[in-house]
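Notes follow the structure.
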Amino acid sequence: MNSTGFDACPECDLLINLAQPKIGEKVHCPRCGLLLSQPRKQNIERTFALSIAGFILFFPANLLPMVGISLLGNANTGILMSGVISLFDQNMWPVAVVVFLASILFPLVHISLSLLISGHLYFNRPNRYLVLWMRWMQHLDEWVMLEVYMLSIIVACVKLMAIAPLKFGWGLYAFIALIVITTLLTSTLDKQLFWRRIEQLRKDNRHAS
Amino acid sequence: MPAKMNALQQGFIRCHDCGYLVKKINQQSFCPRCDSQLHERRPHSLQRSTALLLSSFFLYIPANIFPIMTVNQFGTGDAHTIAGGIVELIDSGMIPIGLLVFVASILVPTSKLIGISLLLLSVHFRWQINARRWTMMYRVIAFVGRWSMLDIFMISILVDLVNFSGVQIIAGPAAIAFAAVVILTMFAAENFDPRLLWDK
């Protein structure tokens with residue numbers, strides 16, 4: 001959208017002239033059916049709140065034991081990072097790197113960026129890096145794979161339960177909460193609103209200086 | 001405004017990063033809102049997508065014939081391929097989980113490889129009658145791609161937990177190939193520009 005009121009569909013490039021939708025309305029592209037925008041109320045406040053919660057939950061989810069197993073009188077517990085290290089020890093470093101990025105580093109960077117951006121917008125603080133952060137966050141969207149990891153935990157546990165007793169730790173509960181938060185965060189974040197607010201902040205800043 | 005016109009035909013470029021619509025004036029190449037470079041369409045979309053797709057086709061072969069993991073039990077090793085692991089799950093009565101793994105590690109990657117090939121062909125040969133259906137297919141492919149990482153994460157969990165003096169699970173070479181297939185097809189889908197399906 002720009003000052004002329006025109007917009008283009010990102011997937012079929014149809015030129016559209018639509019009024020700004022109201023909160024709760026959904027706008028689909030009339031030609032290809034893509035959901036173009038769905039404004040939500042208090043989006044910046046909500047994103048900020050969810051980012052804080054997610055950022056806090058990230059640490060117990062990564063540091064507390066998730067799943068424990070006992071076999072032949074020995075016991076093992078696993079967290080996200082110990083899986084990466086085990087793969088690394090088996091000379092599987094390409095896989096270890098992929099798992100590390102998709103399940104630890106990218107989620108952390110993504111939630112931090114979302115915290116930074118929504119925090120700046122919430123307090124109306126201009127920052128010249130806002131555009132850069134926003135761009136990075138959009139690029140990372142697809143590579144944060146926590147919900148896929150959750151499904152892997154379920155499948156792995158079903159497999160293992162057949163051979164040995166399992167114990168679930170606080171890390172797992174924190175991880176589940178983190179997934180709920182990140183899913184809510186990415187599915188409700190109104191990128192168009194964020195970009196408009198960033199533009200507004202930049203303009204105000206230019207006038208003030 | 002004439003009905004159903006492409007923005008590009010009317011001289012508009014949509015910023016890929018922030019969605020700002022810019023009136024094309026000569027060689028203006030940066031977005032006034034977010035300063036990122038403007039492109040009419042994703043640069044070299046078809047070439048990049050085809051290259052990534054071909055690489056994943058080749059890697060798909062080792063991913064399926066080599067073992068993805070080996071279970072070592074008191075000296076004897078039992079190697080599983082992707083398909084072997086699913087058969088074993090179904091044999092031992094875990095049918096829903098077996099089906100889930102089948103969808104994530106066989107059905108999704110295979111249909112993704114075929115789907116992206118079809119998309120590239122449909123742009124190349126301009127099969128524009130079904131542009132809407134092709135776009136829907138693109139959307140499904142872009143959405144389901146990441147779920148194939150299921151097997152890779154599962155190996156990371158199993159390798160970590162089943163690590164005792166008598167019983168161990170070792171990741172196999174297919175894990176590297178399979179992870180590469182998933183990532184390369186994700187990049188292939190990301191580089192494909194669905195607007196090419198609609199360009200006259």
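Just so it is clear: chains get the letters A, B, ... in the order the sequence lines come, proteins before strands, and each one is counted from 1. Worth saying up front: this structure is predicted, and the values here are computed from it rather than measured.
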Given heavy-atom pairs under 4.5 angstrom as the criterion, report whether the side chain, backbone, both or neither of B:Arg133 touches chain A. neither
Begin with the C-alpha distance, continue with both residues' side-chain angles, and end with the deciding distance and a verdict on salt bridge (Lys or Arg N to Asp or Glu O under 4.0 Å) for B:Arg48 and B:Asp193. CA-CA 11 Å; B:Arg48 285 188 194 172; B:Asp193 191 335; over 6 Å; no
Salt bridge (Lys or Arg N to Asp or Glu O under 4.0 Å) between B:Asp199 and B:Arg126: does it pass, once the steps are laid out? CA-CA 9 Å; B:Asp199 280 338; B:Arg126 302 182 166 270; over 6 Å; no
Residue part contacting chain A, namely of B:Ile170, when any heavy atom lies under 4.5 Å: both
With respect to chain B, which residue among A:Arg202, A:Gln192, A:Met134, A:Gln138 yields the maximal number of heavy-atom pairs within a distance under 4.5 Å? A:Arg202
Salt bridge check: are B:Asp17 and A:Lys191 linked by an N-O gap of less than 4.0 Å? no
For A:Leu160, is it the side chain, the backbone, both or neither that has a heavy atom under 4.5 Å from a heavy atom of chain B? side chain
Quick check for you: among A:Val155, A:Val98, A:Ile79, A:Val84, which has the greatest number of heavy-atom pairs under 4.5 Å with chain B? A:Val155
Heavy-atom pair count under 4.5 Å with chain B, highest-scoring of A:Val131, A:Leu34, A:Ile198, A:Leu87: A:Leu34
Heavy atoms of other groups near A:His28 NE2, more than 12 under 6.0 Å: yes
A:Asp190 to A:Asn43 - nearest heavy-atom pair and separation: N-OD1, 3.2 Å
Among B:Val162, B:Ile183, B:Leu197, residue most engaged with chain A (heavy-atom pairs, under 4.5 Å): B:Ile183
Assess whether atom CG of A:Asn91 is packed by more than 12 heavy atoms of other residues, nucleotides or ligands within 6.0 Å. no
Taking B:Asn163, B:Val101, B:Ile155, B:Asp151 one by one, which has the highest count of heavy-atom pairs under 4.5 Å against chain A? B:Asn163
Per-residue contact mode, A:Cys9 against chain B (heavy atom under 4.5 angstrom): backbone
Contact class of B:Ser148 relative to chain A, heavy atoms under 4.5 angstrom: neither
Part of A:Ala162 lying under 4.5 Å from any heavy atom of chain B: side chain
Looking only at heavy atoms and a cut-off of under 4.5 Å, which of B:Arg14, B:Met94, B:Met154 has the most pairs with chain A? B:Arg14
Heavy-atom neighbours of A:Trp93 CH2 exceed 12 at 6.0 Å: no
Whatever's closer than 4.5 Å to a heavy atom in chain A on B:Leu158 counts as side chain
B:Glu190 portion near chain A, given a 4.5 angstrom heavy-atom threshold: side chain
Could you tell me if A:Tyr122 and A:Thr47 have a donor-acceptor pair between their side chains, going purely by distance under 3.5 Å? no
Cut-off 4.5 Å, heavy atoms of chain B, and the answer for A:Pro10 is both
Return the option, out of A:His139, A:Met92, A:Glu147, A:Glu11, with the maximum number of heavy-atom pairs under 4.5 Å with chain B. A:Glu11
Taking every heavy-atom pair that is under 4.5 Å apart, which of B:Ala180, B:Ala179, B:Ala171 has the most such pairs with chain A? B:Ala171
Which bit of B:Phe178 comes within less than 4.5 Å of chain A, counting heavy atoms only: side chain, backbone, both or neither? neither
B:Leu46 pairs by side chain to side chain contact (heavy atoms under 4.5 Å, CB included) with which of B:Leu119, B:Asn191, B:Leu196? B:Leu196
Surrounding CZ of A:Phe168 (heavy atoms of other residues, nucleotides or ligands, distance under 6.0 Å), is the total greater than 12? yes
Using the ring centroid of each side chain, check whether A:Trp143 and B:Phe187 are separated by less than 6.0 Å. yes
Bottom line for B:Arg132: the part with an atom under 4.5 Å from chain A's heavy atoms is side chain
Go through it in stages, so that I can follow the logic: the residues are A:Ser114 and A:Trp133, the test is side-chain hydrogen bond (donor to acceptor under 3.5 Å, both in side chains), and I'd like the CA-CA distance, side-chain angles, deciding distance and then a yes or no. CA-CA 8 Å; A:Ser114 137; A:Trp133 292 336; over 6 Å; no
